[in-house]
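Within every chain, numbering begins at 1; the chains are lettered A, B, ... in the order of the sequence lines, protein sequences first and strands thereafter.
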Protein chains: 2
Amino acid sequence: MQSNLPHLQSIFTADCVIFGFSEGELKVLLIERNEYPFKEWWGLPGFFVEHNETIDDAVKRILLEHTGLKGIYMEQLYTFGDLQRHPQGRIITVAYYAMLRLEAIGNNLKPSTDYVRKAQWHPLNHLPDLAFDHKNIIEKSIEKIRRKVSHSPIAFELLPEKFTLTQLQQLYEAIWDKKLDKRNFRKKMLKYNILKELDEKQKGVSYRAAKLYKFDKRKYNKIFKNELNFSK
Amino acid sequence: MQSNLPHLQSIFTADCVIFGFSEGELKVLLIERNEYPFKEWWGLPGFFVEHNETIDDAVKRILLEHTGLKGIYMEQLYTFGDLQRHPQGRIITVAYYAMLRLEAIGNNLKPSTDYVRKAQWHPLNHLPDLAFDHKNIIEKSIEKIRRKVSHSPIAFELLPEKFTLTQLQQLYEAIWDKKLDKRNFRKKMLKYNILKELDEKQKGVSYRAAKLYKFDKRKYNKIFKNELNFSK
DNA sequence: TCAAAAGTGTTGTCCGTACACCCATGA
DNA sequence: TCATGGGTGTACGGACAACACTTTTGA
């Protein structure tokens, strides 16, 4: 290898698609931009990646600066590089996605950079116009979580730690956008043996309170080396 | 939007992981590099993406220049951006993969750029040392095609147009790295009803000649909107 | 006592798996 | 006639899908 080769750096951005679940619907976390291009538009949390940070680190930093969220594990989704996607030139973006427990965060979102005015959850079914190609990125993310959720229990990441079977079913119904049979759903979920039944019940409802469950990650890891199928 | 923003361009590379199947084993297409860094090493076909071409177009061009292969449909795999992956600085690479009919090409590979000395198929199980993080990229690609092949009939892309059921089974065995039951495999494949039985038979074998089949893409598209499962 | 959601079983069908022998062909 | 791979069927168990009523609770 030679040492007198020119030094180069990749210029590119990273974007975050963060999903949450509340009130029976899927939501995505958007920021209101305070900088050109697309000043005052809504868009995904995203920014330029520094030369000395990995892409995985960069999305974490960007998400923290844009929303105040910390320690979120994101997975890479896809890299978008359409010639027209960015008005300042062909800048590619590496998109990441994550699913998280919305109720633990609520609207306690605090941007710490001047690039962002505020961060807010938006229902997937009623998104505003978005900056860049962010609409497209979000659509690709949904396809991804649909595929993903069929093979691994990531849906639990969207629920509170303690949840009822009905909440779990509603979540799957929201992701698949179709109704599921209550008895079959419960039978199947319980058969996997990855839920721990708690002694507690739901509180504050004006009807029969449902049992609460927890996702039992230890059991899950023990039992399933390979794959599950949650899609039917 | 403002027009006096600085103009920027992403600098990055794209790499191609091309799989083929012959003699009962999976192969990957490598090039011998004729340029620094990693001059004289084997690596994946890959190079810098131009500012005015999409990433999808770039991998096609690069593959053509490096190997002479034309019209290959590749899908994006993942974007690699480790700080140490490239000796000239942190240069990210967008990796693509494809599977193709090796016997239609054979060793008729003709690089048309001085950056490459030659292109050659290498068995996946006996790879030489590779430039950059290309070993890692290939490993990720295999995981990807294993997942992919369970849900869609892309395995046919690796076989000749006309093939025997045994060849098809050997291909799945190579991808999954495990033996399958002949009767069950045939039953399952034929039940999907995506194969067209031909009137022809295998030639040039010193034992009973097997029937030849074709993948029937029309039937496939008609019957299956969603998914198949070829993995068991 | 009413409204609302929780909770619960059976049956038929399909799919996957395990398993062993005869057949056709060319050398 | 032999060696080689081609080609075939059955029986069991597990998973999925369809389907409706009773129970519990708070208001």
Side-chain angles (χ1 to χ4, degrees), chain A residues 23-24 149-151 153 159-160 162-174 176 178-214 223-232, chain B residues 22-25 149-151 153 159-160 162-174 176 178-214 223-232:
Chain A
E23 294 145 359
V149 108
S150 316
H151 301 293
L159 290 176
K162 301 171 183 183
F163 52 85
T164 69
L165 290 177
T166 299
Q167 286 173 316
L168 184 59
Q169 181 175 345
Q170 283 168 346
L171 170 56
Y172 277 95
E173 289 176 342
W176 291 109
K178 73 175 177 195
K179 287 280 166 202
L180 301 172
D181 179 86
K182 184 161 64 161
R183 279 172 293 186
N184 292 338
F185 180 81
R186 286 164 180 244
K187 215 184 319 165
K188 182 166 183 172
M189 273 300 158
L190 294 173
K191 180 172 49 58
Y192 284 132
N193 211 26
I194 57 178
L195 297 183
K196 182 191 271 176
E197 188 180 329
L198 303 176
D199 286 333
E200 280 174 85
K201 295 202 166 182
Q202 222 178 2
K203 275 172 191 161
V205 290
S206 71
Y207 47 80
R208 176 174 176 182
K211 275 183 210 154
L212 290 170
Y213 291 81
K214 257 181 157 170
I223 301 172
F224 299 98
K225 316 263 179 233
N226 300 317
E227 45 182 86
L228 299 179
N229 188 336
F230 293 108
S231 67
K232 282 170 195 159
Chain B
S22 71
E23 295 145 359
E25 56 182 7
V149 107
S150 317
H151 301 293
L159 290 177
K162 302 171 182 180
F163 51 85
T164 69
L165 290 178
T166 299
Q167 285 173 316
L168 184 59
Q169 181 175 344
Q170 283 168 347
L171 171 56
Y172 277 96
E173 288 176 343
W176 290 110
K178 73 174 177 196
K179 287 281 165 201
L180 301 172
D181 179 87
K182 185 161 63 160
R183 278 171 295 189
N184 292 337
F185 180 81
R186 286 163 182 244
K187 215 185 320 166
K188 181 165 183 173
M189 273 299 157
L190 294 173
K191 179 172 49 59
Y192 284 132
N193 212 26
I194 57 178
L195 297 182
K196 181 191 272 175
E197 187 181 330
L198 303 176
D199 287 333
E200 279 174 86
K201 295 203 165 180
Q202 221 178 7
K203 275 172 191 160
V205 291
S206 71
Y207 46 81
R208 176 174 176 182
K211 276 184 210 154
L212 289 170
Y213 291 82
K214 258 179 152 170
I223 301 172
F224 299 98
K225 316 264 181 234
N226 300 317
E227 46 181 86
L228 299 178
N229 189 334
F230 293 107
S231 66
K232 283 169 195 159

**Asked** Per the salt bridge (Lys or Arg N to Asp or Glu O under 4.0 Å) rule, which among A:Lys179, A:Lys178, A:Lys182 passes with A:Glu173?
**Response** A:Lys179
**Message:** Please enumerate all residues that pass salt bridge (charged side-chain N to carboxylate O under 4.0 Å, His left out) together with B:Lys211, with sequence neighbours excluded.
**Reply:** B:Glu197
**Request:** Find the distance A:Lys203:NZ to C:dA6:P and express it as a whole number of Å.
**Result:** 17 Å
**Prompt:** Can you list the residues that meet the side chain to side chain donor-acceptor pair (under 3.5 Å) rule with B:Asn184, with sequence neighbours excluded?
**Reply:** B:Asp181, B:Lys187
**Message:** Quick check: on DNA chain D, is the nucleotide nearest B:Thr164 upstream (toward 5') of the one nearest B:Asn184, or the reverse? Name the residue that is more 5'.
**Reply:** B:Thr164
Could you list all N or O pairs between the protein and nucleotides 23-26 of chain D that sit under 3.5 Å apart?
residue : atom : partner  : partner atom : Å
D:dT23  : O2   : A:Arg208 : NH1          : 2.8

**Message:** Does B:Lys211 reach a base, just sugar-phosphate, or nothing at all? Heavy atoms under 4.0 Å.
**Reply:** sugar-phosphate
**Request:** Working to the nearest 0.5 Å, report the span between CE of B:Met189 and CZ of B:Arg186.
**Result:** 11.5 Å
**Fill in**
From CG of B:Leu180 across to C1' of C:dA18 the rounded distance in Å is 14 Å
**Message:** Going by side chain to side chain donor-acceptor pair (under 3.5 Å), name the residues that satisfy it together with B:Gln170, two or more places apart in sequence or in a different chain.
**Reply:** none
**Asked** Is any side-chain N or O of B:Lys188 closer than 4.0 Å to OP1 or OP2 of C:dG16?
**Response** yes
**Request:** Would you kindly give the NZ-to-P distance between A:Lys179 and C:dA5, to the nearest whole Å?
**Result:** 11 Å
What pairs of donor and acceptor atoms, side-chain ones from residues 199-208 of chain B against any protein atom, are under 3.5 angstrom apart with sequence neighbours left out?
residue  : atom : partner  : partner atom : Å
B:Glu200 : OE1  : B:Lys162 : NZ           : 3.4
B:Glu200 : OE2  : B:Lys162 : NZ           : 2.7
B:Gln202 : OE1  : B:Ala210 : N            : 3.0

**Item:** Whole angstrom value for the distance that separates P of D:dA17 from CD of A:Gln169
**Value:** 13 Å
**Closest listed nucleotide, where the reference is the side chain of B:Arg183 and the choices are C:dC19, D:dC16, C:dG7** = C:dC19
**Prompt:** Can you tell me how far P of D:dA15 sits from CZ of A:Phe185, to the nearest Å?
**Reply:** 17 Å
**Request:** Name the closest nucleotide to the B:Lys191 side chain, picking from C:dG16, D:dA20, D:dA15.
**Result:** C:dG16
**Request:** Using atom CG of A:Leu168 as one end and atom P of C:dA5 as the other, report the distance to the nearest whole Å.
**Result:** 18 Å
Report each atom pair, protein N/O against N/O of nucleotides 11-14 of chain D, whose distance is under 3.5 angstrom.
none

**Request:** Would you mind reading off the distance between B:Gln167 atom CD and D:dG6 atom P, rounded to a whole angstrom?
**Result:** 9 Å
**Message:** Starting the side chain at C-beta, find the nucleotide from C:dG9, D:dG6, C:dA6 nearest to B:Ala210.
**Reply:** D:dG6
**Request:** Report the distance from atom NZ of B:Lys182 to atom C1' of C:dT17, rounded to the nearest whole Å.
**Result:** 17 Å
**Prompt:** If an axis is fit to five pairs at each end of the helix from C:dT1-D:dA27 to C:dA27-D:dT1, what is the angle between the two, to the nearest 10°?
**Reply:** 0°
**Request:** By nearest nucleotide on DNA chain C, pick out whichever of A:Thr166 and A:Asp181 is the more 5' one.
**Result:** A:Thr166
